[in-house]
Number of protein chains: 2
Amino acid sequence: MSAATVSNALSGKGRVSAEMVEKIRATAAELGYVPSQAGRALRTGRTGVIGLVLPDIANPLFPQIAQAIELAASSSGYGVLIADSRGDVSTQTKAIERLIDRDVDGLVIVPRRGTRVADVGCPVAVIDTPSTPGNTVAADHWGGGQQIAEHLKALGHRRVLIIGNNPASNVQNDRAGGIRSVFGQGLHTDTLWIEPLEKVSGKGCPLGLAGKVAEGYTAFACISDLHALRALTELQRAGINVPEKASVTGFDDLIWSPVITPALTTARMDMTEIAAIAVAALVKAIRERDPFDPEIGAPVTAEKSKVPMHLVVRQSAAAPPALQPVHTTATAATSVTEGGHQS
Amino acid sequence: MSAATVSNALSGKGRVSAEMVEKIRATAAELGYVPSQAGRALRTGRTGVIGLVLPDIANPLFPQIAQAIELAASSSGYGVLIADSRGDVSTQTKAIERLIDRDVDGLVIVPRRGTRVADVGCPVAVIDTPSTPGNTVAADHWGGGQQIAEHLKALGHRRVLIIGNNPASNVQNDRAGGIRSVFGQGLHTDTLWIEPLEKVSGKGCPLGLAGKVAEGYTAFACISDLHALRALTELQRAGINVPEKASVTGFDDLIWSPVITPALTTARMDMTEIAAIAVAALVKAIRERDPFDPEIGAPVTAEKSKVPMHLVVRQSAAAPPALQPVHTTATAATSVTEGGHQS
DNA sequence: ATCGCATGATTAATCGTTTAATCATGCGAT
DNA sequence: ATCGCATGATTAAACGATTAATCATGCGAT
């Protein structure tokens, strides 16, 4: 039989009789035939590969993102080519170029701190923050901040310290903004940015949280679980028990959050859904596009661009000391309400 | 000019005059010409892409591995396609098949817990443990264990508890074995495997380390920083200060290790070198192979298959209580000898 | 002057798939 | 009986690079 008929049969495109299709299917399966991607790519201009560009692979959030994107892509029949920006903007540009040179059909970009994505010659899905122009889809970081803040407020906290890394990040800003929006009226918040502090005091320096507790802060709302971990260990080390004497919350539900003591109360993104939406929008754009036309275009858009975050209540946040029954400050609160790690 | 001449000029293969090469180089650069991977792949049978297969992308070690492999591959001109096994062996097989169907030139596989890699139709580099048959290159986990143990022994520890996840893992076994080999003569070690424990007590359950301290254990040598973190927070929570009353060590120097309090003493792999060796061996095998011959073969071998680990001394391990000057048990030991995170 | 040969550039075939265009066949309608 | 048409399969061209084979040219040697 002819190659054309085989192609038509397997793709279901041309006019092929039912029995022919069946026969071809059978023989193909028997011979273990798989169409060559190279030949197809050459003819159609589509490689079936999308590129994943991340600000910094070393970021602990990367596993979640990569896993979700890989799953979404592979179930749409796409492969995922990774590129590392190593935190550097020029490297990011280089990495994108390398991916383009490899003829990726599209890109998923998690931009570094509000980097505007330069116009590339293929569809692009951007995962940043709903408030960023050009964003395709992202978690509702602001809303997540609100949830954390509502939780702390309901527990009775009135003075909370927000701990972040760098205010230049859209994501971090949104999270902090969400928290402040809840504590705005009369209650007190202040913000500690770690990166500027480390510029002065060196990497991994103490954050001076014991002093903050002395100043009357009862809760530390960290912008990431990484900071929460740092805060939590520093407090425990200083003899300030969490959550009896001070509460700590995080963001992202990173891998260690459920297994430390006390387990972290945190807000997590629904990466699976975000990835699914991003990839779906990207694939749609790829399908509609003429692969040989190197048009430059704005990032693709999705119907749903804001995915709610989920509050995960564990043990690291409780009522502030003044409101606690006296005996609980002595009791080791090792009861577990939410144990496992959501995946 | 003809396409053939261009091809010869850019690849430096055929007979082309020097001035012609120069002219072609110039025009190519001017036009922004990049040879189509698809056309090349079709003709040569090589895609310039290698697949990276990981046991579980969610593993916190993944960023280090992926970053190192991506760097090594891209500096050899290769792209990296990722595949996630999601911890499942059959998914791992599926993932490998998908990569093969995408015509990868080779694979880097970090096998899940001693999975023997099934014969695939392309060169494979395996990163597991030096003691595993078929291993291409890996960190000297046993030696790393010895370094950790020597350090603890020198500090004066005589009873250490090894904390691991699952004895079925070659890596974990080697690390634990290295530790035991040092403490073998007369000194005491015992091993706590978390996964079996969690089967009974539930995920994220307490490890009962306070009890172990009461039994006389003065140090907890964890097989991974993730376990070390769990141990450290559990101890601190129970009022057992680290490192004054108990020492904790880890493995891998994960992202949080330098920023927690006390910062973790740990042993890290030289992933950059491991990745460089693995990719170099793989690329060599790819170059030597006839791309159209679907021969099945054993994993590729490298000259150097065992890369030493590096001991990173921070604050989480110190002399056991009995040997400490009395006042230090009261003093908060926040002095910093090694602060930053090595990348 | 002619041949041989080295050098440099071009031609043509090939990789495997897709897709438009073409060809063959059979059936119903006039 | 013949034409038209629908159906099903085949042919041919094209994607873009590589590479063996071929062609053109000039120079030194006989």
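Below, each value reflects all heavy atoms present in this structure, side chains not excepted, and no hydrogens, waters or symmetry copies.
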Return the value, rounded to whole Å, for the distance between atom [atom1] of [X] and atom [atom2] of [N].
{"X": "Arg46(A)", "N": "dA14(D)", "atom1": "CZ", "atom2": "P", "result": "21 Å"}
{"X": "Ile24(A)", "N": "dG8(D)", "atom1": "CD1", "atom2": "C1'", "result": "11 Å"}
{"X": "Gln37(B)", "N": "dT18(D)", "atom1": "CD", "atom2": "P", "result": "9 Å"}

From the set dA9(D), dT10(C), dT10(D), return the single nucleotide nearest to any side-chain atom of Met1(B). dT10(C)
Distances under 3.5 Å only, N/O to N/O: pair up the protein atoms with those of nucleotides 18-20 of chain C.
unit_1: dT18(C); atom_1: OP1; unit_2: Arg40(A); atom_2: NE; d: 2.8
unit_1: dT18(C); atom_1: OP1; unit_2: Arg40(A); atom_2: NH2; d: 3.1
unit_1: dT18(C); atom_1: OP2; unit_2: Ser7(A); atom_2: OG; d: 2.8
unit_1: dT18(C); atom_1: O2; unit_2: Arg43(A); atom_2: NH1; d: 2.1
unit_1: dT19(C); atom_1: OP2; unit_2: Lys13(A); atom_2: NZ; d: 3.4

Can you pull the side chain to side chain donor-acceptor pair (under 3.5 Å) pairs that have at least one residue in residues 7-16 of chain B, sequence neighbours excluded?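 Found none.
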Is the side chain of Thr129(B) donor-acceptor paired with the backbone N or O of Ser131(B) at a distance under 3.5 Å, no angle test? no
Considering only NZ, NE, NH1 and NH2 on the basic side and carboxylate oxygens on the acidic side, decide whether [X] and [Y] come within less than 4.0 Å.
{"X": "Arg98(A)", "Y": "Glu70(B)", "value": "yes"}
{"X": "Asp84(B)", "Y": "Arg86(B)", "value": "yes"}
{"X": "Lys23(A)", "Y": "Glu19(A)", "value": "no"}

Check whether any side-chain heavy atom of [X] lies under 4.5 Å from a side-chain heavy atom of [Y], and answer yes or no.
{"X": "Tyr78(B)", "Y": "Val279(B)", "result": "no"}
{"X": "Pro63(B)", "Y": "Pro63(A)", "result": "yes"}
{"X": "Val104(B)", "Y": "Ile50(B)", "result": "no"}

What nucleic acid atoms does Ser36(B) come within less than 4.0 Å of, heavy atoms only: base, sugar-phosphate, or nothing?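 Answer is sugar-phosphate: Ser36(B) comes under 4.0 Å of backbone atoms only.
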According to a 3.5 Å limit on both distances, what stems of 3 or more consecutive Watson-Crick or G-U pairs are formed with DNA chain D? C:1-30 with D:1-30
Closest-nucleotide 5' rank along DNA chain C - winner of Arg15(B) and Arg15(A):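 The answer here is Arg15(B).
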